[in-house]
Number of protein chains: 2
Amino acid sequence: MAAVGQLLADRGRCRILLALADGRALPASVLAAEAGVRPSTASGHLRKLTERGLIEVLPTGRYRYYRLAGPDVARLVEVIGRLAPTQPVRSLREGTRAHALRLARRCYDHIGGRLGVAVTDTLRERGFIEGPDGTPDLAAVRGDRLAGGVADEGDYRLTAKGHQELVTLGAMLPPGLGAVRCCIDWTEQRHHIAGALGRAVLEAFDTAGWIMPAATHRALRVTARGVAGLHEHFGIAWPPASTSRTAAGS
Amino acid sequence: MAAVGQLLADRGRCRILLALADGRALPASVLAAEAGVRPSTASGHLRKLTERGLIEVLPTGRYRYYRLAGPDVARLVEVIGRLAPTQPVRSLREGTRAHALRLARRCYDHIGGRLGVAVTDTLRERGFIEGPDGTPDLAAVRGDRLAGGVADEGDYRLTAKGHQELVTLGAMLPPGLGAVRCCIDWTEQRHHIAGALGRAVLEAFDTAGWIMPAATHRALRVTARGVAGLHEHFGIAWPPASTSRTAAGS
DNA sequence: ACGACACTTCACCGGCGGTCGAACCGACGC
DNA sequence: GCGTCGGTTCGACCGCCGGTGAAGTGTCGT
């Protein structure tokens with residue numbers, strides 16, 4: 001498994017994986033620019049990533065689109081991102097971009113950032129999902145780990161009321177969906193819904209025209225209709241009151 | 001996050017993390033032997049791992065015990081282990097050891113290997129937990145990832161009957177436990193219970209004297225009482241019929 | 001058919017990092 | 001007190017890997 005670790009040891013390759021973390025397929029030239037290296041270097045990285053099975057390639061004409069090889073890889077990026085230390089911002093452009101990412105972004109197949117956390121909070125407050133508080137108990141983590149008390153993933157479940165409400169909102173929920181996977185947000189350090197429910201919510205927001213993907217990166221922009229819908233159906237004021245700016249590292 | 005990846009890029013450091021994956025705290029000399037390097041080299045590795053916050057140290061007399069810094073790190077090892085390719089066995093000793101690991105092992109705070117999968121299967125067959133089949137649908141993973149069908153974690157939930165049965169068996173279940181986190185086993189590629197429920201089951205098996213930790217590594221040995229108890233309460237024949245031998249890499 | 005473009009391969013360079021032995025520090029046992 | 005043992009630090013060696021530019025292959029426009 002050190003072989004996989006070697007792939008994650010390079011800054012450029014990490015940037016490539018991060019750029020693909022929203023589930024899209026991107027051509028090699030875009031990934032080279034994203035990684036900040038020459039096309040030849042990026043080509044070598046992409047070759048190694050595909051050889052190890054972390055990403056897969058879809059040749060289309062003279063373009064070669066790369067994407068993550070599966071949900072396992074997305075989970076890996078998610079988990080390692082949570083352990084990675086945050087880095088200070090180096091430029092104004094990075095600052096605004098990191099700010100947009102922290103507000104709302106696609107996290108492979110669900111919504112991350114403040115928007116994801118806000119939606120999850122609302123679902124819990126209104127009794128649509130049941131489970132512990134969204135703030136992981138860091139004190140419990142520091143103590144005896146085996147004795148329990150760890151804020152684990154998957155400790156939520158969708159209630160009947162929540163199922164009904166989300167269906168009327170247009171979400172295509174798979175049958176028999178009970179438990180809800182939650183991942184702790186990369187920047188917010190709070191729970192937000194992921195898994196099948198997170199996927200359905202992202203699709204519902206997308207088909208309703210509430211969100212628009214940004215052109216350059218994986219950040220999400222909330223449309224005017226989205227602002228109204230979030231306020232009406234979820235009681236969320238968007239955009240939220242701004243807080244301190246700290247970029248997340250690569 | 002490339003900083004974390006660099007730590008995972010070395011074989012010796014991976015072996016150290018793997019040795020600590022069962023949640024124990026081990027002295028530096030043991031970890032050096034586990035990694036197959038000189039104490040000086042291991043000391044450097046341990047220093048880097050602690051500096052990055054992946055492990056923490058408990059100085060005790062002239063020994064210094066190291067352990068994983070928290071559940072996040074255990075999850076990282078779990079996820080990256082699933083993506084790592086399996087390596088062929090290099091010696092007879094490695095073969096028997098890998099065989100024991102594949103049978104039953106501690107996976108930070110729950111039971112992994114064939115035993116973990118067998119217990120999970122029984123729980124599902126008897127209606128103690130509800131959810132999809134334990135075999136992840138690999139075909140769905142290869143297809144359209146956003147359209148759903150992915151065998152996600154956390155799609156199980158504990159039923160009332162299961163709660164009652166496990167309590168009578170002596171498991172200390174935390175209140176309000178509904179959803180059950182499942183991780184796909186490292187070697188078996190099957191679901192097995194983890195999270196709070198997996199922790200409670202491991203504790204129950206341990207206090208009942210069904211399992212004994214191996215002296216040298218994180219493998220678990222099923223005692224005679226454990227064989228009887230597994231057969232009586234779970235209908236599991238132990239040890240299982242042997243299958244092909246393939247070691248899991250480091 | 002020609003040029004432009006996307007991407008890959010190759011040879012070369014430079015630097016980071018793993019490894020070890022030896023020395024050093026602190027804790028235990030007699 | 002001394003010797004032993006566990007652990008860390010230091011300096012030197014060396015192999016590996018990332019970066020690049022130039023050349024090569026295939027595809028798309030006109």
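Chain letters run A, B, ... following the sequence lines, proteins first and then strands; every chain starts at 1. Values reported hereafter were calculated over all heavy atoms of this structure, with side chains retained and with hydrogens, waters and symmetry mates removed.
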Round to the nearest Å and state the distance from [X] atom [atom1] to [N] atom [atom2].
X        : N       : atom1 : atom2 : result
Leu46(A) : dT9(C)  : CG    : P     : 11 Å
Glu51(A) : dT8(C)  : CD    : C1'   : 13 Å
Leu7(B)  : dC16(C) : CG    : C1'   : 14 Å
Leu26(A) : dC7(C)  : CG    : P     : 11 Å
Leu49(A) : dC17(D) : CG    : C1'   : 14 Å
Arg15(A) : dG19(D) : CZ    : P     : 10 Å
Arg38(A) : dA6(C)  : CZ    : P     : 15 Å
Arg62(A) : dC7(C)  : CZ    : P     : 9 Å

Inset, instruction - Quick one: label Ser29(B) by what it contacts on the DNA or RNA (base, sugar-phosphate, nothing), any heavy atom closer than 4.0 Å. - result: sugar-phosphate
Inset, instruction - Please work out if Tyr66(B) contacts a base, only the sugar-phosphate, or nothing of the nucleic acid, heavy-atom cut-off 4.0 Å. - result: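 It contacts sugar-phosphate atoms only.
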Inset, instruction - Let me see the working for Leu46(B) and Ile16(B) under side chain to side chain contact (heavy atoms under 4.5 Å, CB included), right down to the final yes or no. - result: CA-CA 8 Å; Leu46(B) 293 171; Ile16(B) 289 175; 4.0 Å; yes
Legend entry - Below 4.0 Å: OP1/OP2 of dT8(C) and any side-chain N or O of Arg64(A): yes
Inset, instruction - Determine: side-chain N/O of His45(B) to OP1/OP2 of dG17(C), distance under 4.0 Å, yes or no. - result: no
Inset, instruction - Nearest-nucleotide wise, let me know which of Thr41(A) and Gln6(A) is further upstream toward the 5' end of DNA chain D. - result: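 Here Gln6(A) is the residue nearer the 5' end.
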Legend entry - Residue whose nearest DNA chain D nucleotide is more 5′ - Lys48(A) or Tyr63(B):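 Per heavy-atom nearest nucleotide, the more 5' residue is Tyr63(B).
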Inset, instruction - Ignoring the backbone of Arg13(B), work out which of dG18(C), dT27(D), dG19(D) is nearest its side chain. - result: dG18(C)
Legend entry - Selection from dC7(C), dT8(C), dT8(D) that lies nearest to any side-chain heavy atom of Ala28(B): dT8(D)
Legend entry - Backbone N/O of Val37(A) and side chain of Thr41(A): donor-acceptor pair under 3.5 Å: no
Legend entry - Exam field: side chain Arg225(A) to backbone Gly209(A), donor-acceptor pair closer than 3.5 Å: no
Inset, instruction - Would you indicate whether the side-chain heavy atoms of Arg13(B) and Leu8(B) approach each other to under 4.5 Å? - result: no
Legend entry - Close side-chain approach of Tyr65(A) to Leu26(A), heavy-atom, < 4.5 Å: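 No, side chains not in contact.
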Inset, instruction - Measure distances between side-chain N and O atoms of Ser40(A) and base N and O atoms of dG21(D), and say whether any donor-acceptor pair falls under 3.5 Å. - result: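 Under the 3.5 Å cut-off, the side chain and the base do form a donor-acceptor pair.
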